[in-house]
2 protein chains.
Amino acid sequence: MARRPNQSRLNSGRPKATPRARGTIRDEVLAFVRGRLAAGSPPTVREVQQAFGFKAVESARQHLEALVAEGHLAKSPGRARGYHLPAAGGPAPSIRLVPQLGRVQAGGLREAIEDPEGWLAVEGPAAGDEMFALTVRGESMTGAGILPGDTVIVRRQDTARDGEIVVAQVRDEATVKRLRLREGQVVLQPENPAFAPLVFAPDTEIRILGRVVEVRRRLA
Amino acid sequence: MARRPNQSRLNSGRPKATPRARGTIRDEVLAFVRGRLAAGSPPTVREVQQAFGFKAVESARQHLEALVAEGHLAKSPGRARGYHLPAAGGPAPSIRLVPQLGRVQAGGLREAIEDPEGWLAVEGPAAGDEMFALTVRGESMTGAGILPGDTVIVRRQDTARDGEIVVAQVRDEATVKRLRLREGQVVLQPENPAFAPLVFAPDTEIRILGRVVEVRRRLA
DNA sequence: TGACAATACAGACATATGTCTGCTTAACTG
DNA sequence: CAGTTAAGCAGACATATGTCTGTATTGTCA
């Protein structure tokens, strides 16, 4: 893939003057490693060696170590495939794959999670958090910047605080609304003047499924 | 992280009846591996062992091999950290880490990408696509559901079509607007009646940096 | 109850992979 | 020209990591 066809440039003791010239082999090594990291499989030193036609493992390692020294890469010494992106700690903080659900039928959240339509990579959730993702239908939350077709990422929880945007189950359907707790009433407040709030008495046929922690929209 | 505190359940010859019971250790192993893969660092067998408190490497390996047999995972035999997601039709499509940029100064896109503030896991981009992410400032795009503080994920490109939402560089700052191409004019159209469109002659001091392909918002 | 399957464990082994030391060539410097 | 630095090479070594063999425990099922 990133193999260098022009092997002549790699002959022993090849010239190289200015320490910081642009567009050099080192930049290509960095690009190669980034690509492998993006693909989810960090390369080994020997894989870099082969990709660039080096005759010695050490040649590849020197470039990798130099990239670490320059701050373009980071590594976990001693670990196999230990080179990764520099950001704090690891490549990215706790990334998790959360299930993307289809339609949530009455009482069927558990079943829906068992049989997801796909998976989304999400950052941030704590270790024990139960997460899922839903596609928004309807325009009731456009005032909060949540449009039809948007994906909401939800942390599973049975309760929520006043003002938080939640996924609630009303009758047979899951709906996204802002939660309002007022004097013994539970209100699901749309963010669109064209829609009316839904008012419930506590412990009625309404159930909180979780709290929206992120909104995503693909612009195809 | 995913360590199981309840070690008693892991004693030798622990019970386990139905082959396909739900919510078992095996599912947790799968979730653990998925998370590690999403984070860009495939786990070793021994890391799985430690995360679950197994006393033997083989116990972890059996679960991993079983997951491969069930089609939930794939592996490259012999390779270090060789477990990965099944190729096509698998749970997660091509996930990619894209750099999250800070402020983009004049002409400094390349430099900004060199020195990112962090990395975001993004799904979908094609192999060759050059991607980056930016934080939106200002309320000029609220009508399109893009609020201040939102993160836009951008595919690097020099041109765009009429109607697409783009990141353009005007003077010293990068800005997110909808692109309008009208009879020899380039218009950057806000989606907020309180803001006025920016009109340029072609090939002036405006430069397209890329096209917005996704919008994300964290609700802390 | 006895065969069988599923799970766990212990320990060894083979390979993959990071790391080190020493040598060589070429370009730049003074 | 001698000294220095950058880059590459060769080979060995140490560790990380996948894999195999054999054993033990427990529940299921005929």
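Keep in mind it's a predicted model, so treat the numbers as computed, not measured. So that the names make sense, note that chain A is the first sequence line, chain B the second, and so on, each numbered from 1.
Taking 4.0 angstrom as the limit, A:His63 places none of its side-chain polar atoms (N or O) nearer than this to OP1 or OP2 of D:dA6. OP1 or OP2 of D:dA7 has not a single side-chain nitrogen or oxygen of A:Ser59 nearer than 4.0 Å.
Remark: B:Arg61 engages B:Glu58, B:Glu65 in a salt bridge (charged side-chain N to carboxylate O under 4.0 Å, His left out) (not counting sequence neighbours). Under the rule for a side-chain hydrogen bond (donor to acceptor under 3.5 Å, both in side chains), B:Thr151 has no partner lying at least two apart in sequence or in another chain. With sequence neighbours excluded, the residues forming a salt bridge (charged side-chain N to carboxylate O under 4.0 Å, His left out) with A:Arg218 are B:Glu214, listed by chain and number. B:Glu47 meets the salt bridge (charged side-chain N to carboxylate O under 4.0 Å, His left out) test with A:Arg79, B:Arg36, B:Arg81; sequence neighbours excluded.
For the pair A:Gly138 and A:Pro148, the tightest heavy-atom approach, listed with the atom from each and the gap, is O-CG, 3.4 Å.
The terminal axes of the helix from C:dT1-D:dA30 to C:dG30-D:dC1, fitted over 5 pairs per end, subtend an angle of 20° to the nearest 10°.
D:dG11 atom P lies 18 Å from atom CZ of A:Phe54, rounded to whole Å. Rounded to an integer number of Å, the gap from CD of B:Gln49 to C1' of C:dA10 is 11 Å. The separation between B:Leu64 atom CG and C:dT7 atom C1' is 14 Å, rounded to whole Å. Rounded to whole angstrom, the span from the CG atom of B:Asp27 across to the C1' atom of C:dT7 amounts to 15 Å.
In this structure, the side chains of B:Leu73 and B:Leu64 come closer than 4.5 Å at one or more pairs of heavy atoms. The side-chain heavy atoms of A:Tyr83 and A:Val48, taken from C-beta on, include no pair separated by under 4.5 Å.
In summary, the aromatic rings of A:His63 and A:Phe52 are positioned with their centroids too far apart to meet the 6.0 Å limit.
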Problem - Where protein sits on nucleotides 16-23 of chain D, one letter per nucleotide: B base, S sugar-phosphate only, - none, heavy atoms under 4.0 Å - result: SBBBBB--
